[in-house]
Amino acid sequence: MAGAETLPCFSIDLPHQEAALALAGEAEATLHRLEALTGASLVLRGLQLVIQAKAPQLERASALVELLRPLWAEGQAIGAVDLQTALTALDTGRSSEHRELSQQVLARSQSGKLLRARTVRQKAYVEAMERHDLTLALGPAGTGKTFLATIQAVRMLQERRVERLILTRPAVEAGERLGFLPGDLQQKVDPYLRPLYDALHGLLGAERTTALLEKGVIEVAPLAYMRGRTLADAFVILDEAQNTTTAQMRMVLTRLGENSRMVVTGDPTQSDLPRDQLSGLVEAAGVLADVEGVAICHLTAADVVRHPLVQRMVHAYARRDAAAPARSAQRG
């Protein structure tokens with residue numbers, strides 16, 4: 001124990017009790033995670049955080065806590081994803097870019113949580129949506145493709161830069177033959193559009209979302225119902241676009257009208273199309289890569305902001321997919 005007392009110390013003063021609670025986490029879980037990640041000892045004494053460790057670990061732990069300051073200083077809970085993202089930025093020399101992420105608040109959720117881009121590629125995606133009339137976002141599940149697009153759509157609606165939001169996705173499981181399903185149009189497509197509703201509820205609340213749907217300010221419709229329309233003064237989100245055929249993708253892209261934005265999101269590795277059918281999203285990403293006014297954003301497993309296990313699973317499947325051609329060649 002005497003040896004431990006001689007280790008260098010560093011203290012950080014916290015601005016208020018809410019910051020201390022946010023930094024500690026429930027049952028000090030966040031402090032314990034910080035200790036596991038850095039090898040340092042972190043003790044909270046009132047409004048002072050005391051960090052003790054050998055010099056390299058002390059420097060790393062202090063830098064990590066400082067990178068997280070925009071969160072705990074506002075009393076915002078620090079999740080495992082926030083810790084891992086900050087640590088990755090620290091270890092890759094991108095601390096300044098991470099600080100910029102923390103300072104850019106996109107919106108506040110109904111629960112009061114401040115919403116930000118949480119990785120450098122997510123930040124680039126948000127900036128692309130701001131600057132381009134058409135943005136394609138390709139990446140695995142959990143990278144925030146749909147949620148960030150919904151945040152941008154709601155922001156533009158609230159700033160009156162568009163007059164309505166149009167949310168659509170292909171209903172592959174129903175073969176787009178929605179007339180055979182029971183209920184009215186809304187009841188037919190609701191199961192396929194639930195992720196979009198969830199994002200809207202988180203930003204606007206269920207009551208306001210319902211009111212805007214009833215007024216037609218927000219429209220949720222299957223991709224099949226976009227044919228023949230001109231979508232003007234609107235922010236259009238096409239979700240799960242990996243399940244579009246090339247003809248469907250071409251159709252929806254050409255619906256874009258005056259003073260409109262469109263964001264197309266999808267994960268090419270999770271297509272429900274027949275194996276021999278090319279995804280409209282994959283084709284569009286290649287065809288439109290050099291077209292002025294179009295942004296193509298590629299998110300990766302490093303941008304997964306769900307449970308950390310999701311990121312590890314995405315990596316595992318990617319390794320499996322990469323090994324598949326080699327196994328096929330060996331069998332041949």
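Hydrogens, waters and symmetry mates are skipped; everything else that's a heavy atom, side chains included, is used. Here, residue 1 is the first one in the sequence, and each next residue gets the next number. Predicted, not measured: the structure shown is a model, and the values here were computed from it.
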Indicate whether the side chain of Glu59 and that of Gln57 have a donor and an acceptor atom separated by less than 3.5 Å.
no
Do the side chains of Glu74 and Arg108 get close enough for a salt bridge, i.e. N-O under 4.0 angstrom?
no
Yes or no on side chain to side chain contact (heavy atoms under 4.5 Å, CB included) for Ile51 and Thr38, after CA distance, side-chain angles and deciding distance?
CA-CA 11 Å; Ile51 306 173; Thr38 63; over 6 Å; no
Checking the side chain of His132 only, and the main-chain atoms of Met262 only, is there a donor and an acceptor separated by less than 3.5 Å?
no
Where at least one partner belongs to residues 222-237, residue pairs that pass salt bridge (charged side-chain N to carboxylate O under 4.0 Å, His left out), sequence neighbours excluded
Glu219-Arg229
What pair of heavy atoms forms the shortest contact from Thr30 to Ala22, and how long is it?
OG1-O, 4.3 Å
CA sep, side-chain torsions, deciding dist, call: Leu49, Trp72, side chain to side chain contact (heavy atoms under 4.5 Å, CB included)
CA-CA 12 Å; Leu49 178 69; Trp72 53 257; over 6 Å; no
To the nearest 0.5 angstrom, please state how far the OG1 atom of Thr146 sits from the CD atom of Glu240.
6.5 Å
Distance, nearest 0.5 Å, that separates CG of Leu7 from OG of Ser41
9.0 Å
Give the intermediate values and the outcome of side chain to side chain contact (heavy atoms under 4.5 Å, CB included) for residues Leu157 and Phe235.
CA-CA 8 Å; Leu157 181 67; Phe235 194 110; over 6 Å; no
Okay, side chain of Glu35, backbone of Leu42: is any donor-acceptor separation there less than 3.5 Å?
yes
With hydrophobic residues grouped by side-chain heavy-atom distances under 4.5 Å, do Leu253 and Val282 end up in a single group?
no
Tell me the salt bridge (charged side-chain N to carboxylate O under 4.0 Å, His left out) pairs involving residues 78-87, sequence neighbours left out?
Asp82-Arg118
Do Val81 and Leu23 land in one hydrophobic cluster if side-chain heavy atoms of ILVMFWY residues count as linked below 4.5 Å?
no
Would you indicate whether the side-chain heavy atoms of Leu90 and His98 approach each other to under 4.5 Å?
no
Note, Val120 side chain near Arg94 side chain (heavy atom, < 4.5 Å):
yes
Contact check, side chains of Leu134 and Val291, non-hydrogen atoms, under 4.5 Å
no
So, for Leu223 and Gln248, which heavy atoms are closest and what is the spacing to 0.1 Å?
CD2-CB, 3.9 Å
For Leu281 versus Asp267, what's the shortest heavy-atom pair and its separation?
CD2-N, 4.3 Å
Please determine whether residues Val217 and Leu167 belong to a single hydrophobic cluster, defined as Ile, Leu, Val, Met, Phe, Trp and Tyr linked transitively by side-chain heavy-atom distances below 4.5 Å.
yes
Leu136 side, atom CG; Met249 side, atom CE - distance, nearest 0.5 Å:
6.0 Å
Below 4.5 Å, heavy atoms only, C-beta onward: do Ser271 and Asn243 meet side chain to side chain?
yes
Is there side-chain contact between Tyr197 and Leu213, with heavy atoms separated by less than 4.5 Å?
yes
Salt bridge (charged side-chain N to carboxylate O under 4.0 Å, His left out) partners of residues 119-128, not counting sequence neighbours, each pair once:
Glu100-Lys123, Arg121-Asp303, Lys123-Glu127
So Ser279 and Leu273, do their side chains get closer than 4.5 Å, heavy atoms only?
yes
Grouping I, L, V, M, F, W and Y whenever their side-chain heavy atoms are under 4.5 Å apart, do Leu71 and Ile151 come out in a common cluster?
no
Quick note, salt bridge (charged side-chain N to carboxylate O under 4.0 Å, His left out) partners involving residues 131-141, not counting sequence neighbours, are Asp133-Arg261
Taking C-beta and beyond as the side chain, do Leu148 and Tyr125 meet within less than 4.5 Å on heavy atoms?
yes
Check ion pair Lys145-Asp239 (N to O, under 4.0 angstrom)
no
Taking side chain as C-beta onward, heavy atoms only, is Gln152 less than 4.5 Å from Val263?
no
Is the number of heavy atoms from other residues, nucleotides or ligands within 6.0 Å of CD (Glu159) greater than 12?
yes
Any chain of hydrophobic side-chain contacts (each under 4.5 Å) joining Ile78 to Leu44?
yes
Co-members of Val43 in a cluster of I, L, V, M, F, W and Y side chains, linked at under 4.5 Å
none
Considering all heavy atoms, the nearest Ala86-Leu67 contact
O-CD1, 3.5 Å
Can you list, by chain and residue number, the hydrophobic cluster partners of Val50 when the side-chain cut-off is 4.5 Å?
none
Please check if the number of heavy atoms outside Asp13 that lie under 6.0 Å from its CG is greater than 12.
yes
Between CD on residue Gln84 and CG on residue Leu37, distance to nearest 0.5 Å
6.5 Å
Residue pair Gly257 / Thr230: nearest heavy atoms and the distance that separates them
CA-CG2, 4.0 Å
N/O donor-acceptor pair under 3.5 Å between Arg320 side chain and Ala316 backbone:
no
Interatomic distance, OG1@Thr150 vs CG@Leu115, rounded to 0.5 Å, equals 11.0 Å
OH (Tyr225) and OG1 (Thr168) are apart, to the nearest 0.5 Å, by 11.0 Å
Is a side-chain N or O of Ser260 found less than 3.5 angstrom from the main chain of Leu256, in a donor-acceptor match?
no
Smallest heavy-atom separation, Met226 atom then Ala221 atom, equals CE-CB, 3.8 Å
